[in-house]
> 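Quick one: this structure, given as structure tokens, is what I'll be asking you about.
Both ligands and their constituent atoms are indexed starting at 1 by order of listing. Along the sequence shown, residues carry numbers from 1.
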Amino acid sequence: MKISDPEGYLESLRGLKRDVFVLGERCDNTVDHPLLRPSANAVAESYNVGDEPEAPQLLFVKSHLTGKEISRFTHIHQSVEDLVDKVLMQRMLGRRTGTCFQRCVGMDGFNALYSVTYECDQAHGTPYHNRFKDYLEWVQDMNIVVEGAMTDVKGDRGLRPGDQPDPDMFVHVVDRTPMGIVVRGAKAHQTGALNSHEILVMPTMSMREGEEDYAVSFAIPADSQGITFVLGRQPSDTRKLEGSPLDVGNPGYGSQEALVIFDDVFVPNERVFMCGETDQSGKVVERFASFHRQSYGGCKVGVGDVLIGAAQLAAEYQGVQTASHVRDKITEMVHLNETMFCCGIACSSRGCETAAGNYEVDSLLANICKLNVTRFPFEITRLAQDIAGGLIVTTPSQKDFDNPEIAPYLEKYLKGRKDVPTLDRIKIMRFIENLTVGCGAAAYLTESMHGAGSPQAQRIAISRLVDLNEKKELAKRISRIS
Ligand code: SF4
Ligand code: FE
């Protein structure tokens, strides 16, 4: 049944029968687990029209496959405007949730595979593109969440997939039958894995001749036999189990990553989108990476908006908002945040059509975008902590505020400006703590560093994409060097 609202989405997750482990224990109902619910709430916002005037146009779009209205998270970008609107949607949802809302990885995977399956069929006579379109049409109709799974566990980073002492360090085909393939391996750091109905697997790197078993892409239901999920921890995550929302900082929303293990999982042929075409694998990685590096110019900027707002509130609640150095720091935060946004918009605006007819971003600018994202949220964080002060990590717990014996002392001694309730000040401190050193930092900082590839991956891409000879010619011409 088609999912049409946040409640329907949460209910659909309850129906999944998966092997999930959380803190060492089996978890049959992830959506109602207090550690996980905030992350499901964040994804659920992708189903919520909300109250921003621009939301309907950003969240919903016409399918080029069926002409029906679909979620942009299942859409194949048809124009430069679509690419720009994607970034605007991500900024909007970052502003709503103050965290990672997880659904973009599948969207970026769809858009990468759409053009690569087309080109693969042209080169090899394979049947992948129509197969993929059939799958996508079903995803659009059902409006489900599909997790994009790229990062393999990789084992010894100095060795190629086939040279690893354990061949399962990269997801690979272990058997081929007339009906489909059997795969084994594991994908690490899988954003939103526990909040997804399906998993879209892609190779993690460009494969070479002899590595055919590793050049594999497919989609399968998250509750397929042989798949196991193990939730990854985040700083201060167990505060969500304490029943003290104040101490969580962002009690409504969160992000989530998991290790996803494929133990001889059968994938039927109609869900296989690459199997052995090593020459196509690098294109999937590059295109997916470019789309996801574009994404960060939207989502992290939205989260940055919330953090800047929190820093400004902290300054006001403490009576320092007019100090020139505070104003200057806030201005610097805005400058850094909007610079990332400029990059997200620029790589979208310079997008172009692929042979398959969909639109992809300008790769060089998408890589510049993400490389900035590996730095700027850290500086924005430093400035927010500078403005907020040490209270972000020394504030007593909600239980202390609830204890009548000590609450009056806390009210009195943790007060800032007279007209601001003490608890409002504490809420903002806890939120800044959440985003900069607490569980929210997993999404705002570590993900900014390593999500969509670590900084070195962007540097390598930039050095490959830049045309230095053309720049040398410019210098020669102006310097009159023949
Ligand atoms: Fe979406 Fe950003 Fe989370 Fe990636 S990091 S899934 S782009 S919100
Ligand atoms: Fe990410």
> Mind checking ring pair (Phe, Tyr, Trp, His ring centres under 6.0 Å) for F288 and listing every partner two or more places apart, or none if nothing turns up?
H292
> Do E379 and R382 sit within salt-bridge range, that is, some charged N less than 4.0 Å from a carboxylate O?
yes
> Would E332 and K329 pass as an ion pair if we require N to O under 4.0 Å?
no
> Name all pairs fulfilling the side chain to side chain donor-acceptor pair (under 3.5 Å) condition that reach into residues 194-204, sequence neighbours left out, sorted by first residue then second.
S12-H197, S39-N195, Q102-N195, Y135-E198, N195-Q256, E198-R271
> Keeping to residues at least two apart or across chains, list the ring pair (Phe, Tyr, Trp, His ring centres under 6.0 Å) pairs with something in residues 19-50.
Y9-Y47
> Relative to the heavy atoms of E447, which atoms of ligand 1 are at a distance of less than 4.0 Å?
5 (S)
> With under 30° as parallel and over 60° as perpendicular, where do the rings of H172 and Y214 fit, or are they tilted in between?
parallel
> Suppose the cut-off is 2.8 Å; how many protein N/O/S atoms fall inside it around atom 1 (Fe) of ligand 1?
1
